[in-house]
Amino acid sequence: MANDASTVFDLVILGGGSGGYAAALRGAQLGLDVALIEKGKVGGTCLHNGCIPTKALLHAGEVADQARESEQFGVKATFEGIDIDAVHKYKDDVISGLYKGLQGLIASRKVTYIEGEGKLSSPTSVDVNGQRVTGRHVLLATGSVPKSLPGLNIDGDRIISSDHALKLNRVPKSAIVLGGGVIGVEFASAWKSFGTDVTIVEGLKHLVPVEDENSSKLLERAFRKRGIKFNLGTFFDKAEYTADGVKVTLADGKTFEAEVLLVAIGRGPVSAGLGYEEQGVAMDRGYVLVDEYMQTNVPTISAVGDLVPTLQLAHVGFAEGMLVAERLAGLKTVPIDYDGVPRVTYCHPEVASVGISEAKAKELYGADKVVTLKYNLAGNGKSKILKTTGEIKLVQVKDGAVVGVHMVGDRMGEQVGEAQLVYNWEALPAEVAQLVHAHPTQNEALGEAHLALAGKPLHSHD
């Protein structure tokens with residue numbers, strides 16, 4: 001079909017990552033004739049180089065930690081080391097299974113899948129494999145790649161990106177992680193579990209700096225206890241090779257040496273050389289600019305995912321892609337409230353949040369109108385059983401709704417679903433407090449926190 005010049009699709013999608021394939025699946029489900037163009041493998045960064053493989057490594061690290069620490073639970077086990085080839089096989093098997101399932105979904109929805117490197121050739125067409133694929137609407141979803149800094153050459157051996165780290169054929173004895181955001185702390189956590197001596201370098205004053213400051217401080221405390229070192233508040237200056245590794249120098253002259261340097265300073269949009277600007281698409285620093293309905297300034301072109309300056313999360317890509325498909329199918333659509341999107345950093349311990357921080361709430365509503373409550377997981381039976389520490393922090397507008405839920409502790413990512421409902425349904429603390437939560441669960445901690453905020457604490461002090 002794609003090779004037939006007379007064929008005009010309802011929707012041509014450039015990029016088969018989270019945003020692109022979600023739009024394809026939803027669009028086809030709604031009766032649109034869809035073409036999906038992808039130069040690599042459908043599933044994109046999330047499935048092949050991001051969410052799924054990193055979480056597999058983190059789980060392998062969790063198993064290693066459990067083996068080391070088993071005696072505290074009365075279980076005698078011996079930790080003999082990490083077989084990195086076997087870890088990669090486990091990781092790759094997870095990816096492979098999900099990839100096959102996704103390919104099956106694409107085929108079952110009768111999406112026309114075209115493998116090749118596409119380029120926007122007009123407001124209604126993409127050129128790929130020497131052919132022109134035309135559509136009534138084009139969706140740009142070309143994603144992102146790891147960023148670097150001027151003068152910092154990622155060689156894939158001593159100075160590596162997250163892509164290289166996912167395929168590294170050894171467990172490094174020591175590593176410097178440049179960047180203390182989500183990617184940096186997740187790799188630092190996994191490597192520490194594998195036995196690597198890790199130092200994180202973050203130019204801002206806290207790890208995971210976009211989170212509520214209390215969550216950052218709790219994570220820093222936990223990392224110190226685990227022996228993960230970090231240097232905060234001073235920016236990177238340069239990196240040099242040593243006889244057997246890398247030396248990093250900071251702006252204040254302080255130096256660190258390690259076997260490898262992981263550059264984890266974020267991801268930048270894939271847009272250069274793809275014809276976007278030539279077709280009049282408004283851009284800013286490589287990002288495609290869109291309105292709240294993911295529409296660009298060109299009426300026949302939309303954009304989603306890491307290519308646009310919204311939260312770089314796979315589930316945001318899913319939601320944005322589905323929104324575009326539904327809009328094109330004529331359904332009533334509602335813009336995404338990005339504050340209402342759950343955010344999880346899957347290090348040990350996990351950091352999970354939804355809504356706004358205490359600082360942001362004070363900025364929006366005034367310091368005298370903001371109420372906060374912290375519930376320590378020490379009072380939660382299941383967390384005690386798991387031997388995890390941490391806190392749930394609630395941010396409330398005085399006499400009003402809970403506008404922020406911030407959680408630190410093992411498995412807190414599994415609790416963010418209810419927190420998402422609390423924020424998005426503008427729940428009052430008393431309304432959540434009257435719900436009966438199962439005991440003993442970590443989910444119960446959310447209920448206890450709202451009980452306390454509603455003025456009737458049970459397993460916590462007044």
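None of these values were measured; they are calculated from a predicted model.
- A 4.5 Å side-chain heavy-atom check between E431 and H450 finds every atom pair outside the cut-off.
- Side-chain polar atoms of H406 and E358 form no donor-acceptor pair below 3.5 angstrom.
- With respect to E186 and K55, a salt bridge is recorded, a charged nitrogen being found less than 4.0 Å from a carboxylate O.
- Residues T249 and D237 have side chains that never bring a donor and an acceptor to within less than 3.5 angstrom of each other.
- Using modelled atom types, one side-chain atom of D291 and one backbone atom of Y293 make a donor-acceptor pair closer than 3.5 Å.
- One side chain, Y423 or D337, offers a donor N or O that lies under 3.5 Å from an acceptor on the other.
- Under a 4.0 Å N-O distance rule, the pair D93/K89 qualifies as a salt bridge.
- One N or O on the side chain of S189 and one on the backbone of H348 form a donor-acceptor pair closer than 3.5 Å.
- Taking the side chain as every heavy atom from C-beta outward, L207 and L232 approach each other to under 4.5 Å.
- Electrostatic pairing of D339 and K360 does not count as a salt bridge here, judged by no charged N lying under 4.0 Å from a carboxylate O.
- A heavy-atom distance below 4.5 Å is not found between the side chains of V341 and V354.
- Remark: the D306 side chain and the S144 side chain contain an N/O donor-acceptor pair separated by less than 3.5 Å.
- No donor-acceptor contact under 3.5 angstrom links the side chains of Q396 and T372, judged on distance only.
- Without hydrogens or angle criteria, R109 side chain to A28 main chain gives no donor-acceptor distance under 3.5 Å.
- Residues N380 and Q442 have side chains that never bring a donor and an acceptor to within less than 3.5 angstrom of each other.
- The existence of a salt bridge linking R226 and D65 is confirmed by a sub-4.0 Å separation between a basic side-chain nitrogen and an acidic carboxylate oxygen.
- Heavy-atom neighbours of E80 CD from other residues, nucleotides or ligands within 6.0 Å: at or below the threshold of 12.
- Judged by distance alone, the side chain of N424 and the main-chain N or O of G340 form a donor-acceptor pair under 3.5 Å.
- Taking the side chain as every heavy atom from C-beta outward, W191 and D197 never approach each other to under 4.5 Å.
- Side chain of T345 to main chain of V182: no donor-acceptor pair is present (N/O by atom type, distance under 3.5 Å, no hydrogens or angles).
- Here the side chains of T234 and N231 are in contact, with some heavy-atom distance below 4.5 Å.
- Using modelled atom types, one finds no donor on one side chain facing an acceptor on the other under 3.5 Å when comparing T333 with R327.
- Defined by atom type and a distance below 3.5 Å, a donor-acceptor pair is present between the side-chain atoms of R267 and T45.
- Between K393 and D212 there is a salt bridge, with a side-chain nitrogen of the basic residue lying less than 4.0 Å from a carboxylate oxygen of the acidic one.
- Taking the six-membered ring where the residue is Trp, H48 and Y99 present perpendicular rings, their angle passing 60° and hence far from 30°.
- Taking 4.0 Å as the cut-off between side-chain N and carboxylate O, R411 and E350 do not count as a salt-bridged pair.
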